[in-house]
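In what follows, every chain begins at residue 1, and chains take the letters A, B, ... in the order their sequences are listed. Everything numeric in this text was worked out from a predicted model, so none of it was measured.
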2 protein chains.
Amino acid sequence: MAQAAGVSQSTVSLVLGGKWPGRVSPATAAAVHDAAERLGYRPNPAARNLRMGTTRTVMLMVPTLIAPFFGSVHAGAARVAARHGFGLVVYPWPDDAGPADSPFAASREAIDGILASSMPREVLAGFPGTPVVMLDSDPAGAETTVNFAVADGMRAIAAHLGALGHRRIGHVAAEPDQWTFQVRGAALAAGVAALPGGALTRAVTSIDIAAAKDAAGRLLDAHERPTALVCDDDMLAAGAYKAARARGLDVPGDLSVTGMDDVLLATALEPELTTVRLPAEELGAQGMAALLELLGGGRPPSRSLPGRLVVRGSTAAAV
Amino acid sequence: MAQAAGVSQSTVSLVLGGKWPGRVSPATAAAVHDAAERLGYRPNPAARNLRMGTTRTVMLMVPTLIAPFFGSVHAGAARVAARHGFGLVVYPWPDDAGPADSPFAASREAIDGILASSMPREVLAGFPGTPVVMLDSDPAGAETTVNFAVADGMRAIAAHLGALGHRRIGHVAAEPDQWTFQVRGAALAAGVAALPGGALTRAVTSIDIAAAKDAAGRLLDAHERPTALVCDDDMLAAGAYKAARARGLDVPGDLSVTGMDDVLLATALEPELTTVRLPAEELGAQGMAALLELLGGGRPPSRSLPGRLVVRGSTAAAV
DNA sequence: CATGGCCAGTCATACGTATTACTTGTCGCG
DNA sequence: CGCGACAAGTAATACGTATGACTGGCCATG
């Protein structure tokens with residue numbers, strides 16, 4: 001390449017690196033660019049970063065990409081990473097793998113940092129010393145976190161239902177192994193307790209439509225049937241709809257239902273779901289920004305992003 | 001590191017590389033591993049690949065990761081890539097970006113190959129000389145492709161509806177800018193033509209629930225209302241459900257509806273959707289396998305993966 | 001005319017690993 | 001004892017780029 005342009009390798013580097021404007025004459029620079037074009041030459045990025053000992057690649061760890069929520073997180077993170085010239089490898093954590101036999105064990109050294117969304121802290125054990133920003137996770141840890149203000153969201157739902165006259169409220173709860181679901185549960189309990197005469201019942205389920213249908217069914221079959229079901233996330237609400245229909249209950253005529261997250265599913269359901277919109281893409285973007293700041297030697301603070309109650313057709317006045 | 005273990009750098013490389021079993025005495029190997037453990041030392045993967053001029057990273061290009069379908073494709077591709085020690089960067093193509101100003105332009109040289117799913121061929125123009133495998137794309141091109149047998153799927157749907165007595169069939173069609181939708185449309189037309197007395201009407205829509213509702217509504221408001229709506233994908237079927245409900249039509253009592261893909265949404269709808277299951281994860285896995293074979297100097301053949309009709313509650317005998 | 005400063009490039013080296021070729025020591029065997 | 005085979009480790013080099021130090025030419029200034 002150097003001889004093709006009739007200059008030294010150093011000059012090629014100066015031109016193509018672009019960091020030293022004015023360091024090289026326009027004519028020579030043009031010759032280099034021309035030769036590069038002709039040969040289809042591209043600088044080897046690995047060699048480029050060799051000196052600084054960095055890969056300019058970060059890893060996103062998510063439980064799965066099949067849930068659209070994490071697709072949105074990725075989109076936000078990828079946008080910010082790309083703008084800073086960082087590559088982003090995604091890491092869907094397989095259910096059955098421990099830190100040791102994870103499929104990405106081979107490339108675990110090939111990254112500068114980790115953005116972990118909704119992951120248990122243990123999975124980071126395999127990556128000692130790697131800078132980490134955690135999303136949607138317990139902020140009590142040492143790592144910088146970016147979270148949603150889910151407690152506010154749950155309180156807003158409780159207040160919304162309270163204003164509609166609901167008092168007996170059922171909670172279709174996800175298993176509290178994730179921090180966010182612990183918070184959601186506690187906030188809902190507090191919100192319902194704040195209603196005069198408010199009473200909360202709860203059924204726990206895995207995040208699966210059929211399982212949620214069963215759990216919601218248990219609540220609906222109780223002696224004093226709740227007039228509203230608050231679901232920990234939108235997918236669980238789909239199960240609640242099914243349980244209601246199976247019992248001939250109309251949503252929202254006989255039963256109000258709410259979700260949380262506002263993924264695509266929320267508007268696919270009929271009636272469309274009242275839920276709290278969590279800005280997933282913003283979560284990814286702010287998390288990535290924090291991680292890059294961390295990599296740059298900064299000390300980014302933990303943050304919390306507000307959600308917004310979106311009232312659609314699944315809630316109505318209590319009967 | 002070398003001196004910490006009391007050996008030469010070469011020996012460290014021999015031990016940690018692991019490619020030369022028996023080349024080094026067990027005692028020395030243990031000493032090296034021990035020192036590495038103590039120092040938290042990890043070989044720099046960039047330097048590792050420097051010699052072979054490869055990055056051991058491939059790029060997945062998808063229109064978006066927010067659609068669960070592409071999440072599944074990614075999962076399959078990531079699994080295979082990881083097993084071969086390849087990193088995988090994901091590339092959601094932004095609607096508004098041309099090849100030039102794409103957010104990943106900066107890292108475009110940092111990859112060995114491209115796996116492009118459901119992407120227009122033009123986006124590859126910015127990556128001359130890079131090995132490519134295309135998924136869900138026109139197999140007429142020069143690249144190796146891995147596709148679904150969507151034509152078979154559509155014919156299976158037509159036959160299923162035909163067996164239920166349906167003759168007037170409406171097609172809620174996605175815009176035919178993607179190859180797969182052209183094939184789906186043609187195959188459905190052929191399948192309906194094969195039914196005695198079969199008649200097909202068509203309304204085109206963007207892939208959006210509200211737009212699909214409008215398109216389905218147009219078909220349902222026609223003089224001779226179709227008794228079944230065939231939708232080009234599951235999300236469009238959600239719109240068809242809405243159009244039916246808005247007109248007081250029961251699914252499947254008054255109207256049968258089918259989708260294609262079998263994403264999560266299909267079982268979240270009520271009634272659950274009759275659709276064709278396309279093995280998205282398998283698509284990603286086979287595509288990645290083909291790409292890795294290509295990178296290894298092979299010439300992988302193009303393939304087509306069969307779908308499978310999944311009959312659920314949204315289809316019934318014609319009235 | 002001598003000097004110093006700047007411009008445009010080049011030289012040399014460093015980055016961290018893989019690999020080839022070499023060295024050293026040991027052992028077995030004739 | 002002499003030789004070759006072999007085991008275990010090291011030296012040297014290559015990979016491709018970034019960058020600080022250096023060089024030669026040119027011009028302006030005194």
Visitor: What distance separates A/Asp261 CG from A/Thr180 OG1, expressed to the nearest 0.5 Å?
Guide: 8.0 Å
Visitor: Quick one: is A/Thr11 getting a side-chain N or O under 4.0 Å of the C/dG9 phosphate, OP1 or OP2?
Guide: no
Visitor: Would you say A/Ser10 reaches C/dC11's phosphate, i.e. side-chain N/O to OP1/OP2 under 4.0 Å?
Guide: no
Visitor: Under a 3.5 Å threshold, yes or no: a donor from one side chain and an acceptor from the other, between B/Ser10 and B/Ser13?
Guide: no
Visitor: What is the distance, rounded to the nearest whole Å, between atom CZ of B/Arg51 and atom C1' of D/dT13?
Guide: 7 Å
Visitor: Per the atom types in the model, does the base of D/dA18 pair as donor or acceptor with the side chain of A/Arg48 at under 3.5 Å?
Guide: no
Visitor: Quick check: on DNA chain D, is the nucleotide nearest B/Val24 upstream (toward 5') of the one nearest A/Ala47, or the reverse? Name the residue that is more 5'.
Guide: B/Val24
Visitor: What about A/Arg23: does its side chain form a donor-acceptor pair under 3.5 Å with the base of C/dG9?
Guide: yes
Visitor: Mapping A/Asn44 and B/Thr28 to their closest nucleotides on DNA chain D, which lands nearer the 5' end?
Guide: B/Thr28
Visitor: Can you tell me how far C1' of C/dG16 sits from CD of B/Gln9, to the nearest Å?
Guide: 7 Å
Visitor: Contact class for B/Val7 vs. all strands (heavy atom < 4.0 Å): base, sugar-phosphate, or nothing?
Guide: sugar-phosphate
Visitor: A/Arg42 CZ to D/dG16 P: how many Å, rounded?
Guide: 16 Å
Visitor: Taking only Lys NZ, Arg NE, NH1 and NH2, and the carboxylate oxygens of Asp or Glu, determine whether A/Glu293 and A/Arg299 approach each other closer than 4.0 Å.
Guide: no
Visitor: Any side-chain N or O of B/Ser25 less than 4.0 Å from the OP1 or OP2 oxygen of D/dA8?
Guide: no
Visitor: Taking A/Ser137 for its side chain and A/Leu135 for its backbone only, find out whether a donor-acceptor pair lies under 3.5 Å.
Guide: yes
